[in-house]
**Student:** 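One structure, as structure tokens, below. Some questions next.
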Amino acid sequence: MIANYEIRSFGGFEIVNIYPIHMKRTANDRNVPNGDNKTALRGMASRLGMFQAGRRELIDDSGAEFTTHAYARAILKQLNAK
């Protein structure tokens, strides 16, 4: 699934895998700790301008915040939009 995306890094982080989630810092090639993945993904989404005005998270159609995996998929789609 991740192989479908040519661009996987942005803003100092690389999404290595979605299931299970695995991210690395591009500056030092170290893994992002498990508890910090969603925070890193929120930062990437923010820098990409994906948040609605006044929000600090992405919301799905039901009004719930995106899961970590949904964040990763949405960011990869945005980075690879042509």
Side-chain angles (χ1 to χ4, degrees):
M1 174 191 252
I2 194 86
N4 297 339
Y5 299 105
E6 184 177 327
I7 302 170
R8 298 184 314 219
S9 61
F10 177 79
F13 296 96
E14 177 184 359
I15 300 170
V16 178
N17 200 15
I18 296 176
Y19 290 105
I21 192 73
H22 180 204
M23 296 180 63
K24 286 188 174 187
R25 299 180 196 280
T26 56
N28 57 15
D29 205 36
R30 289 188 176 179
N31 292 335
V32 175
N34 288 340
D36 294 338
N37 285 318
K38 197 168 202 177
T39 303
L41 289 166
R42 280 189 193 123
M44 291 173 79
S46 176
R47 285 186 215 93
L48 287 168
M50 295 173 65
F51 292 148
Q52 295 175 358
R55 295 214 180 251
R56 292 182 163 241
E57 66 273 330
L58 293 176
I59 305 294
D60 65 15
D61 294 335
S62 69
E65 183 181 1
F66 273 23
T67 64
T68 304
H69 308 293
Y71 266 106
R73 280 193 306 273
I75 290 168
L76 288 170
K77 286 179 184 175
Q78 179 79 14
L79 287 173
N80 290 279
K82 293 182 180 178

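If you're wondering where the values come from, they're calculated on a predicted model, not measured in any experiment.
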**Student:** Can you list the residues that meet the side chain to side chain contact (heavy atoms under 4.5 Å, CB included) rule with Glu57, with sequence neighbours excluded?
**Tutor:** Arg42, Arg55, Ile59, Glu65, Tyr71
**Student:** Could you give the distance from OH (Tyr5) to CD (Gln78), rounded to the nearest 0.5 Å?
**Tutor:**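 Tyr5 atom OH to Gln78 atom CD measures 12.0 Å (nearest 0.5 Å).
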**Student:** Can you tell me if Asn80 uses its side chain to pair, donor with acceptor, with the backbone of Leu76 under 3.5 Å?
**Tutor:** yes
**Student:** May I ask whether Met44 and Val16 are part of the same hydrophobic cluster, defined by side-chain heavy atoms of I, L, V, M, F, W, Y residues being less than 4.5 angstrom apart, directly or through others?
**Tutor:**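 Different clusters.
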**Student:** With Asn28, which residues qualify under side chain to side chain contact (heavy atoms under 4.5 Å, CB included), at least two apart?
**Tutor:** Arg25, Arg30
**Student:** If you count the non-hydrogen atoms of other residues, nucleotides and ligands that lie under 6.0 Å from CG in Asn17, is the total more than 12?
**Tutor:**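 More than 12 within 6.0 Å, yes.
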**Student:** To the closest 0.5 Å, what do you measure between CG (Asp36) and CG (Asn31)?
**Tutor:**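 Separation between the atoms: 12.0 Å.
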**Student:** Scan residues 11-20 for pairs that pass salt bridge (charged side-chain N to carboxylate O under 4.0 Å, His left out), counting only residues two or more places apart or in two chains.
**Tutor:** Arg8-Glu14
**Student:** Going by the rule ring-ring contact (aromatic ring centres under 6.0 Å, His included), which residues pair with His22 if we only count those two or more places apart in sequence or in a different chain?
**Tutor:** none
**Student:** Where do Ile21 and Lys38 land on the side chain to side chain contact (heavy atoms under 4.5 Å, CB included) test, with the steps shown first?
**Tutor:** CA-CA 10 Å; Ile21 192 73; Lys38 197 168 202 177; over 6 Å; no
**Student:** So which heavy atom on Ala40 is nearest to which on Met23, and how close?
**Tutor:** CB-CE, 3.9 Å
**Student:** Which atoms form the tightest heavy-atom contact between Ile7 and Leu79, and what is the distance?
**Tutor:** CD1-O, 3.6 Å
**Student:** What's the spacing between Ile15 CD1 and His69 NE2 if we round to 0.5 Å?
**Tutor:** 12.0 Å
**Student:** List for me each residue that meets side chain to side chain contact (heavy atoms under 4.5 Å, CB included) alongside Ser46, sequence neighbours excluded, and say none if there are none.
**Tutor:** Phe51
**Student:** Are the side chains of Phe10 and Ile75 in touch, meaning some heavy atoms are under 4.5 Å apart?
**Tutor:** no
**Student:** Can you tell me how far apart NZ (Lys77) and CG (Asn4) are? Round to the nearest 0.5 Å.
**Tutor:** 11.0 Å
**Student:** Among all residues two or more places apart in sequence or in another chain, which pass the side chain to side chain contact (heavy atoms under 4.5 Å, CB included) test with Asp60?
**Tutor:** Ser62, Ala64, Phe66
